[in-house]
Amino acid sequence: MASPSLVESAKLQAACQAVDNHVTPGVRRLGVGSGSTIVYAIERLKENRNDLHPDLVCIPTSFQSRMLLIEAGFRVGDLDEFPELDLAIDGADEIDAQLNAIKGGGAAHLREKVVAAAARSFILIADHRKDSKTLGEQWKKGIPIEVIPFAYNTVKAKIEQLADSTDLAKGAYSAPAPRAHLRMATAKAGPVVTDSGNLILDADFGLIRDPLKLLGVLKMLPGVVEVGLFCGMANKAYFGLADGSTTCRMPC
Ligand SMILES: O=C(CO)[C@H](O)[C@H](O)COP(=O)(O)O
């Protein structure tokens, strides 16, 4: 297993490379994701401030990135005012060969997906541990699914019955019996509550062979607000490697 400092330096490399290559002076509206890797991207934006568009507006995807951007002195805006973005940059929990991604380890994937969809270009940044051929190879915590509180237990039951039912998602995943659990908070009693007031189910499907098919089935379950499968959205992914270099991939 890579040492924590190598992992942090890999995140830093990926973030710096992506910011340097994509946040050019022509970028005026920038979506900014959430998580620990994005912290490095915001620091790099701050370092590059003199080379950025003078009227740059950043659209954060979470309370976390909003606070970081404000602290760094950036102007923050929202999609009400800026519905179309030039670019969005975000981290990921795992990225497959086609650049489909699992996101939501930080429970922010609802807003992250809305912001990514509003952007003309969507760039992922991650350390080498997140790079895989097939989703589910590396990320073992399950697919994050944001649900309204009223529906969490019925959605959990529907997911766990998927394999027994007609299985609309047949062939999309490897787990013989998918299991879902409610994500619990660590510094609070009770569940994680998202920035939009919802709950998170983490559902283990094993290897995700057809993420788009699984996404379609999960999104059809009443009470599901968003699924942490980002299919066909990313234009490029930057991976920081253990040797300090960075590799960049386009969808194959
Ligand atoms: O999707 C996310 C938050 O909902 C994050 O982008 C994802 O969890 C990656 O986080 P990190 O950069 O800390 O590994």
Side-chain angles (χ1 to χ4, degrees), residues 1-19 30-45 58-69 87-96 99-117 119 122-132 135-147 183-186 191-203 208 211 215 224-231 233-242 246:
M1 192 191 280
S3 79
S5 57
L6 283 181
V7 170
E8 290 311 306
S9 119
K11 291 179 189 181
L12 170 71
Q13 292 307 324
C16 290
Q17 195 85 69
V19 167
L30 174 67
V32 179
S34 309
S36 57
T37 315
I38 211 71
V39 173
Y40 295 114
I42 294 172
E43 281 169 9
R44 189 60 164 188
L45 285 171
C58 297
I59 285 67
T61 53
S62 63
F63 184 92
Q64 178 220 14
S65 50
R66 181 178 156 78
M67 287 301 117
L68 289 170
L69 287 162
L87 174 71
I89 298 188
D90 205 344
D93 298 305
E94 189 174 3
I95 303 168
D96 76 8
L99 300 196
N100 299 308
I102 296 176
K103 288 187 48 55
H109 58 282
L110 168 58
R111 293 187 187 192
E112 289 172 339
K113 199 180 268 191
V114 175
V115 166
F122 179 45
I123 307 296
L124 290 172
I125 51 177
D127 63 79
H128 50 92
R129 300 169 308 164
K130 319 278 186 73
D131 189 3
S132 71
L135 296 179
E137 274 171 14
Q138 313 283 351
W139 181 254
K140 300 294 181 190
K141 295 184 182 171
I143 306 297
I145 302 169
E146 182 156 345
V147 293
R183 192 182 296 179
M184 302 306 283
T186 49
V192 167
V193 178
T194 70
D195 286 0
S196 301
N198 296 312
L199 303 179
I200 300 286
L201 290 172
D202 290 298
I208 316 294
L215 171 62
V224 168
V225 184
E226 195 48 86
V227 177
L229 285 170
F230 285 45
C231 300
M233 297 186 79
N235 301 92
K236 232 177 212 184
Y238 286 83
F239 296 96
L241 305 182
T246 306

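Order of appearance sets the numbers: ligands from 1, and atoms from 1 within every ligand. The model shown is predicted, which means the values in this text are computed figures rather than measured ones.
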Residues Gln13 and Tyr238: side-chain donor-acceptor under 3.5 angstrom
no

Please lay out, stage by stage, how Ser132 and Gln138 fare under the test side-chain hydrogen bond (donor to acceptor under 3.5 Å, both in side chains).
CA-CA 7 Å; Ser132 71; Gln138 313 283 351; 5.4 Å; no

Decide whether a cation-pi geometry holds between Lys113 and Phe230; the criteria are a distance under 6.0 Å from NZ or CZ to the six-membered ring centre and an angle within 45° of the ring axis.
yes

I need the minimum non-hydrogen distance between Met233 and Phe122, along with the two atoms involved.
O-CB, 3.5 Å

Testing the 3.5 Å rule here: is there a donor-acceptor pair between the side chains of Ser196 and Arg111?
yes

Which heavy atom in Asp93 sits nearest to a heavy atom in Gly104, and how many Å separate them?
OD2-N, 3.2 Å

Output for ligand 1, non-hydrogen cut-off under 4.0 Å, lists Ser34, Gly35, Ser36, Thr37, Asp90, Gly91, Ala92, Asp93, Lys103, Gly104, Gly105, Gly106, Ala107, Ala108, His109, Glu112, Lys130

